[in-house]
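Predicted model, so just to flag it, every value in this text is computed and none were measured. Just so it is clear, the values below take in all heavy atoms, side chains as well, and ignore hydrogens, waters and symmetry mates.
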Amino acid sequence: MLLFLFCLFAVFSLLSIGVPLRVSGHPTKDDQQDGLIKDILLPALAISIEVPIPTEWQRSLRFLRRTALPNISNYRQKLLTSERVPIGKISIISPSYGSGTRYEGPRFKLEGEDKPTAISFYFDEYIYGFEFVNNLASTPAVVEELTEEADPSTGVKKTIEKYKFSKEEGIALAKDFIAKYTPGVTSLGQDFSIIETAEFQKEKSRPFIYRLMKAYRGVLLYDEYIQVAIDGEKKLMNLSYFWSPSIEPASDDFTVIDPGFALERVKRLVLEEWNNAPPPLTLFNIQLGFVNHRANTKAIVPVWMFNLRWNELITLENVNPGPREARFGKQVVERELVLAVDALTGSKFEMIPPSLKGVGKAK
């Protein structure tokens, strides 16, 4: 019985990764088939799938193209005022937006011993837009306060969340920042819509976050958005503006490929990425969306995206080891990667721009 179950599992695994089976009444000695089992089946068993396949996936989409990019040069001058004078600029590369320039503010020392220094602000500028971050604005917009009421089982006093301002005030303030420091929200073409979200983030620095995203026929454009983060003193913490003034369809309608087929294509990409010897890893978080083409500033492409997570053993070097300390040590770190396939053909979509090719590549 156990042998039967193992054989059934092997057949199912072969079919799930698209390996053709040859049925025969006698055991085969086909070297090619043995090679497929060795090189594809066994490595594929290291891939764990945590992907709830979408049930309502059939969508009619088109490829999109930009006909204009935002003019943002004046807004750098508005955000980098006499109170925020950059100490210099450096070249940077973004996976989504390619090459850019960062204008850095003065460094400051964080409170407490052994705390590192930090940059007071920075402004990242790309041809697609910009991101401004003010590290001096850090007062939480939502805080927890103790009440007089205690938990009867533990005796610990309960807490209540309090907000420095209302959501309506936060939205109004965010819109003021957008109007003052960006080209604003431009009109959209047919089949486009704007998705608006506003929330108090309950983690990290606990800001209020207002975000606008574009969608085409209900599918998000992940690289087209405006985001404002505000701290508890109503200071601007973050302003991201990647919002093309004009986008239009660049192809006829087509129906996107089945997400199950996209999953099979991504599993094959995983095997190729690690030369058929992947570490134990997990595929999760399947999403259909539009992203920037990494080598064409005008093209916006619909893709199926998957997150990939695995553990990697790295070697650490202690440059000044003590008498009882080792010079080299080992540490397990968690790695993540995004793989994607074209939503029309299922071919690999390169998520890394040419300027980053080879940097941090999985081995």
Side-chain angles (χ1 to χ4, degrees), residues 6-23 28 30-55 57-59 61 63 95-96 219 222 254-296 299-312 334-354 356-363:
F6 175 79
C7 293
L8 183 62
F9 174 76
V11 170
F12 175 79
S13 299
L14 282 167
L15 291 174
S16 70
I17 61 173
V19 178
L21 292 179
R22 187 175 65 185
V23 180
T28 178
D30 187 334
D31 292 337
Q32 182 179 6
Q33 190 72 13
D34 291 345
L36 287 172
I37 294 174
K38 177 182 177 181
D39 297 335
I40 298 181
L41 172 61
L42 296 180
L45 296 180
I47 304 174
S48 174
I49 309 298
E50 294 180 1
V51 181
I53 299 295
T55 55
W57 60 269
Q58 288 186 323
R59 290 189 182 268
L61 294 180
F63 287 91
S96 299
V219 177
Y222 283 96
F254 64 87
T255 301
V256 301
I257 61 173
D258 186 316
F261 176 68
L263 174 60
E264 300 309 320
R265 294 294 304 149
V266 166
K267 285 195 287 186
R268 286 182 177 273
L269 292 178
V270 169
L271 297 180
E272 292 173 6
E273 191 79 15
W274 275 274
N275 297 319
N276 285 344
L281 48 80
T282 302
L283 282 169
F284 64 101
N285 193 29
I286 180 173
Q287 299 177 78
L288 175 64
F290 286 92
V291 296
N292 290 343
H293 192 284
R294 295 336 192 202
N296 185 343
I300 304 176
V301 184
V303 297
W304 283 107
M305 292 177 286
F306 296 80
N307 289 82
L308 181 64
R309 181 173 57 222
W310 73 97
N311 290 332
E312 185 175 309
E334 186 177 86
R335 302 291 195 192
E336 283 203 14
L337 182 70
V338 177
L339 292 178
V341 295
D342 187 299
L344 172 61
T345 64
S347 58
K348 180 181 180 181
F349 178 82
E350 186 57 72
M351 295 293 287
I352 301 176
L356 275 178
K357 197 66 177 171
V359 178
K361 181 176 173 56
K363 297 180 181 180

Could you pull out the closest heavy-atom pair between [X] and [Y], with the gap in Å?
X      : Y      : result
Pro302 : Phe254 : CG-CZ, 3.7 Å
Val219 : Gly289 : CG1-CA, 3.6 Å
Gly346 : Phe261 : CA-CE2, 4.2 Å
Ile257 : Leu344 : CG2-O, 3.2 Å
Ala343 : Leu288 : CB-CD1, 4.1 Å
Val291 : Met305 : CG1-SD, 3.8 Å

Quick one: pull up [atom1] in [X] and [atom2] in [Y] and give me the separation to the nearest 0.5 Å.
X      : Y      : atom1 : atom2 : result
Arg268 : Ile47  : CZ    : CD1   : 10.5 Å
Glu334 : Leu281 : CD    : CG    : 11.5 Å
Leu339 : Phe306 : CG    : CZ    : 9.0 Å
Leu61  : Phe290 : CG    : CZ    : 4.5 Å
Asp258 : Gln58  : CG    : CD    : 8.0 Å
Leu271 : Lys267 : CG    : NZ    : 9.0 Å

Original post:
Is the closest side-chain heavy-atom distance between Leu263 and Leu283 below 4.5 Å?
Top reply: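 Yes, their side chains come closer than 4.5 Å.
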Original post:
Any side-chain heavy atom of Leu308 sitting closer than 4.5 Å to one from Val338?
Top reply: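 When only atoms from C-beta onward are counted, Val338 and Leu308 do not touch, as no gap falls below 4.5 Å.
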**OP:** Would you mind telling me which of Val266, Asp342, Val341 makes a side chain to side chain contact (heavy atoms under 4.5 Å, CB included) with Trp304?
**Re:** Val341
Original post:
Can any side-chain N or O of Arg294 pair as donor or acceptor with the backbone N or O of Met351 at less than 3.5 Å?
Top reply: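 Pair found, side chain donor or acceptor close to backbone of Met351.
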